[in-house]
Amino acid sequence: PLDTNTFNYASYHSLDEIYTFMDLLVAENPNLVSKLEIGRSTENRPLYVLKFSTGGTNRPAIWIDTGIHSREWVTQASGVWFAKKIVQDHANNEGVASILETMDIFLEIVTNPDGFAFTHTKNRLWRKTRSKHSGSICVGVDPNRNWDAGFGEAGASANPCTETYHGPYPNSEPEVKSIVDFVKSHGNIKAFISIHSYSQLLLYPYGYKTAPAPDQQELHELSAKAVAALSSLYGTKYTYGSIITTIYRASGGTIDWTYDQGIKYSFTFELRDTGRYGFLLPAKQIIPTAEETWLGLKVIMEHARDNMY
Amino acid sequence: TETFVGHQVLRVVPKSDEDLQKVQELQALEHLQLDFWLAPRGLGVPVDIRVPFPSVQPVKAHLEAAGVSYSIMIEDLQALVDEEQMEMLRSSRQL
């Protein structure tokens, strides 16, 4: 029978295979891993979050999500690898094991399941959700423009047929609203990391305004350390900085909202490609991408643990 | 299922404000159905554009007429999608 040791982390998987992986991981590690359903997508698919906890109640926590843009397949694949890595570290009492002594980790691997299923069946390059709002002749909203942070301002599109359509109103997308509700109800998340691809960037707020984040200096220094750790493995070059100074103005973004909620350590990763394949990164690059990203994530998680606020 | 036969991904690295402007003009031409994988961000930073087959020639003509250099990052997008599908099939068969 399949188990998470025979699971092929060096291949892309369908939604059902990833759901199966999650159930296997929970079954194999009942004292560490549990699966929460934080909501349902537009097409009524469950929005699953894996919780890694060694006990306590409402401990300070770290949130990691992958796949909010469905075509960015290396991110969901990396999320699967991260899940297994957390379990292995805990079993070997190394890496993030020390973080799990005092913090919980929440990992949402398929943050946009409708879009992800659509990339496997109808359109490999679908990015958005699959919602249909009255008055829109096109399907889908960009789930990274739908948050209540500068929503609808410059840096997103009001045209439902574009890739960066912000949606009819903030949190119109259940995939977004579910995370908003979870973050608000948990109330003790200290680091929030949303993972995208591609272009090798580590970004922190803001995207919707030019004003620097109050913690900009600390976030910049922490980014430098995280990028140094990431690059140390395979030499993958990353750039880092605030969203608006590093790429462009983007409104309604995830980490601008989480930062404005008081989650100081809010970051977005843009994983590989180094400039040959784009979203179609070959599967043989999944594991090296996940491994190097993990080193950067660990720096951020350890900093959050050591600098509780 | 959406296929990408004949689609190409072009990479433009704007070297001047004029280059950047020419690329941004393309963003406004909705009839070309361009998909900006990497949107324009500044000088010296790659812009990757998925170009559907019918728009390949007009887009190349637009860039060449403006003297904007580009490279073809993905020559045949459908071939890459097919290769990815084959790899997944092999993997699940092994399983």
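Protein chains get the first letters and strands the later ones, always in sequence-line order, with residue 1 at the start of each.
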Contacting region of [X] [heavy-atom separation from chain B under 4.5 Å]:
| X | answer |
| --- | --- |
| Arg127(A) | neither |
| Glu270(A) | neither |
| Thr164(A) | neither |
| Ser11(A) | both |

Value rounded to 0.5 Å, distance of [atom1] in [X] from [atom2] in [Y]:
| X | Y | atom1 | atom2 | result |
| --- | --- | --- | --- | --- |
| Gln94(B) | Thr6(A) | CD | OG1 | 12.0 Å |
| Thr162(A) | Asp35(B) | OG1 | CG | 11.0 Å |
| Met88(B) | Ser14(A) | CE | OG | 6.0 Å |
| Arg276(A) | Leu80(B) | CZ | CG | 6.5 Å |
| Thr1(B) | Phe118(A) | OG1 | CZ | 8.5 Å |

Winner by heavy-atom pair count (cut-off under 4.5 Å) against chain A, out of Ser71(B), Ser91(B), Ser92(B)
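Answer, by heavy-atom pair count under 4.5 Å with chain A: Ser91(B).
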
Shortest non-hydrogen contact between [X] and [Y], atoms and distance:
| X | Y | answer |
| --- | --- | --- |
| Glu84(B) | Trp73(A) | OE1-CZ3, 3.3 Å |
| Ile74(B) | Tyr277(A) | CD1-O, 3.7 Å |
| Ala10(A) | Glu87(B) | O-OE2, 4.0 Å |
| Tyr198(A) | Met73(B) | OH-CE, 3.9 Å |

Interface check, chain B: of Thr239(A), Asn159(A), Leu125(A), Thr246(A), most non-hydrogen pairs under 4.5 Å belong to Leu125(A)

Determine whether more than 12 heavy atoms belonging to other residues, nucleotides or ligands lie under 6.0 Å from atom OH of Tyr234(A).
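For Tyr234(A), atom OH is crowded (more than 12 foreign heavy atoms under 6.0 Å).
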
With a 4.5 angstrom heavy-atom cut-off, which part of Glu83(B) approaches chain A: side chain, backbone, both or neither?
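Glu83(B) has no heavy atom closer than 4.5 Å to chain A.
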
Taking a cut-off of under 4.5 angstrom between non-hydrogen atoms, the residues of residues 17-31 of chain B near chain A are Glu30(B)

Pull out the residues in residues 36-50 of chain B that come under 4.5 Å of chain A, heavy atom to heavy atom, sorted by number.
Phe36(B), Trp37(B), Leu38(B), Ala39(B), Pro40(B), Arg41(B), Asp48(B), Arg50(B)

